[in-house]
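Working notes, structure below.
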Protein chains: 2
Amino acid sequence: MRSDARKNYDHILAVARDLLSGEGADASLRDIARKAGVGDGTLHRHFPTREALLEALLRTSFDALAARAGELTRCEQADEALLSWLREAIVVTHSYKGVITPMVAAIADENSALHSSCVDLRQAGAELLQRAQTKGLARQDMDGNDLFALISALAWLADQPPLVPRADHLFEIISDAILSRRTGGVPESQRA
Amino acid sequence: MRSDARKNYDHILAVARDLLSGEGADASLRDIARKAGVGDGTLHRHFPTREALLEALLRTSFDALAARAGELTRCEQADEALLSWLREAIVVTHSYKGVITPMVAAIADENSALHSSCVDLRQAGAELLQRAQTKGLARQDMDGNDLFALISALAWLADQPPLVPRADHLFEIISDAILSRRTGGVPESQRA
DNA sequence: TGACAAATGGAGCGGCGCGCCGTTTAAGCG
DNA sequence: CGCTTAAACGGCGCGCCGCTCCATTTGTCA
């Protein structure tokens, strides 16, 4: 890659990170090009689709999340490990509002630039889930797809402005569903 | 309203019902106008925004859902009543793929044409929820907003093609969360 | 320094939701 | 019945969008 190309690539990525974290993952690509001071053509050559741009932005976060799952595998409480990782995964998806929808679409589309990122994410979660299941701490009737779906749902909920105030609470409710085998129910004293 | 206007109004609505149920709630409005054989202006005068059109399409279903909630209030098992109604509510939102996002946005926007429809829906659910809670059959730490959010999440999940195969199962998982007090867990034999 | 592949940027294409406005038409009245 | 008039009409035009194409510029290396 030529030096000017490299510079533009990096600069576009930086501008995109800025703009998308403010306006959400569906911000105008033309705006990004304008703000980066490059032509539309340049942006689209480096990132042919919106997914390609998102992939470049999310790749490192997703790798970190996969690594984190590895660490948590060595945690004593398999249920707490899963829970912590879920929380972190959702935080990552909140880097860019609205990013979860293309991610879900990508997991079934091998041609999407986001595909492998999403598959990796699902795999990381699936391992933590399975460990919790083996120890009898999570519902047995779930797999990695279900976990991915529930993460998606929680991420989507937290992307909807009217639902934001209850997002944490909804996380608890759904967590309880996943880890329902843990206690057979949350003690009265711990409920909101 | 003049007779020609009435005819166009009805015809547009019929065409929209057809087209939106196939292509989803974000189908092109211009396409609807074209297919109905009217100009863009005519469509937009009758339905100033997409929300207005959706409202006209959903109104009767929502009213029916509210009435259904009333009926179910007289059902013996408050938990089963809530569950049935949830299922029906989600079926209604599936009339038009992608309709849940504008609905969620509308519940916090009093100026949206969809606002009152959504408020009514939330209210209907809230009553069934409260009855189940009173009888100790549903989580105490939830209100109508939470229920609405969970319905939204389930509706959204079922709108995502890759997640469709697991949608029913995810419904069960989240139902268990809402009605967790019912049994303290699903018997091993009933799990997938 | 010259040649050339690589990279650029912006005009252009077909799409969108929607506002505007000159034209047509239904409907009530003398 | 014909006239009038307000209501309804349709579609052009605006500013967006993602994306493609290609004449022009620029970095690189012999």
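Here is the naming used below: chain letters follow the sequence lines, and residue numbers restart at 1 for every chain.
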Practice problem: May I ask you to decide if A105(B)'s main-chain N or O and Q160(A)'s side chain share a donor-acceptor pair within less than 3.5 Å? | Solution: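 The answer is no, because no donor-acceptor pair under 3.5 Å joins these two groups.
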Self-check item: Whether H169(B) side chain and D141(A) backbone form a donor-acceptor pair below 3.5 Å
Solution: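 Indeed, once roles are kept as given, a pair shorter than 3.5 Å links the two residues.
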Distance-only donor-acceptor hits, side chain of residues 65-74 of chain A, under 3.5 Å, sequence neighbours excluded:
from	atom 1	to	atom 2	distance (Å)
R68(A)	NE	E88(A)	OE1	2.9
R68(A)	NE	E88(A)	OE2	2.9
R68(A)	NH1	E71(A)	OE1	2.9
R68(A)	NH2	E88(A)	OE2	3.2
T73(A)	OG1	A69(A)	O	3.0

[X] [atom1] to [N] [atom2]: how many Å, rounded?
X	N	atom1	atom2	value
L53(B)	dC18(C)	CG	P	11 Å
L29(A)	dT20(D)	CG	C1'	14 Å
R34(A)	dG15(D)	CZ	P	13 Å
I32(B)	dG10(D)	CD1	P	15 Å

Practice problem: Look up atom CD in E23(A) and atom CG in D18(A), then write down how far apart they are to the nearest 0.5 Å. | Solution: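 Reported to 0.5 Å precision, the distance equals 10.5 Å.
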Quiz prompt | Gap separating the OG1 atom of T42(A) from the CZ atom of F47(A), nearest 0.5 angstrom | solution =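 Answer for the OG1-CZ pair, T42(A) versus F47(A), is 11.5 Å.
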Sequence-distant partners of [X], salt bridge (charged side-chain N to carboxylate O under 4.0 Å, His left out), two or more places apart:
X	value
E55(A)	R59(A)
R34(B)	D31(B)
R30(B)	D40(B)

Practice problem: Write out all pairs satisfying salt bridge (Lys or Arg N to Asp or Glu O under 4.0 Å) with one or both partners inside residues 42-53 of chain B, taking only residues at least two apart or from two chains. | Solution: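 As it turns out, there is no salt bridge (Lys or Arg N to Asp or Glu O under 4.0 Å) pair with a partner in residues 42-53 of chain B once direct neighbours are skipped.
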Quiz item: Taking only residues at least two apart or on different chains, which pairs with a member in residues 148-170 of chain B satisfy salt bridge (Lys or Arg N to Asp or Glu O under 4.0 Å)?
Solution: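 For residues 148-170 of chain B: D143(A)-R166(B), D146(A)-R166(B).
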Contacts table for residues 123-130 of chain B: side-chain donor-acceptor under 3.5 angstrom, sequence neighbours left out:
from	atom 1	to	atom 2	distance (Å)
Q123(B)	NE2	E127(B)	OE2	2.8

Quiz item: Among residues 35-50 of chain B, which residues get a heavy atom nearer than 4.0 Å to DNA chain D?
Solution: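 Here the set is G37(B), V38(B), G39(B), D40(B), G41(B), T42(B), R45(B), H46(B).
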Quiz item: By a strict heavy-atom criterion of less than 4.0 Å, which residues belonging to residues 6-22 of chain B are in contact with DNA chain C?
Solution: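 None, since no heavy atom is under 4.0 Å.
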Quiz item: Counting just side-chain N and O atoms, does S28(A) come under 4.0 Å of either OP1 or OP2 of dG18(D)?
Solution: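 It does, given that an N or O in the side chain of S28(A) lies less than 4.0 Å from OP1 or OP2 of dG18(D).
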Quiz item: Between the two end axes of the helix from dT1(C)-dA30(D) to dG30(C)-dC1(D), each built from 5 base pairs, what angle do you get to the nearest 10°?
Solution: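 Taking the rotation axis at each end, their angle is 20°.
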Quiz item: Taking only residues two or more places apart in sequence or in another chain, which ones pass side-chain hydrogen bond (donor to acceptor under 3.5 Å, both in side chains) with D109(B)?
Solution: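 Testing D109(B) for side-chain hydrogen bond (donor to acceptor under 3.5 Å, both in side chains), a comparison that skips the adjacent residues, returns none.
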Self-check item: Sugar-phosphate or base contact per nucleotide [nucleotides 23-30 of chain D; S, B, -; heavy atom under 4.0 Å]
Solution: ---BSS--
Quiz item: Side chains of L157(B) and F171(B): closer than 4.5 Å at any heavy-atom pair?
Solution: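 No, too far: nothing below the 4.5 Å cut-off.
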Quiz item: Does the dG17(C) base have a donor-acceptor partner in the side chain of R30(B) within less than 3.5 Å?
Solution: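 Side chain to base: pair present.
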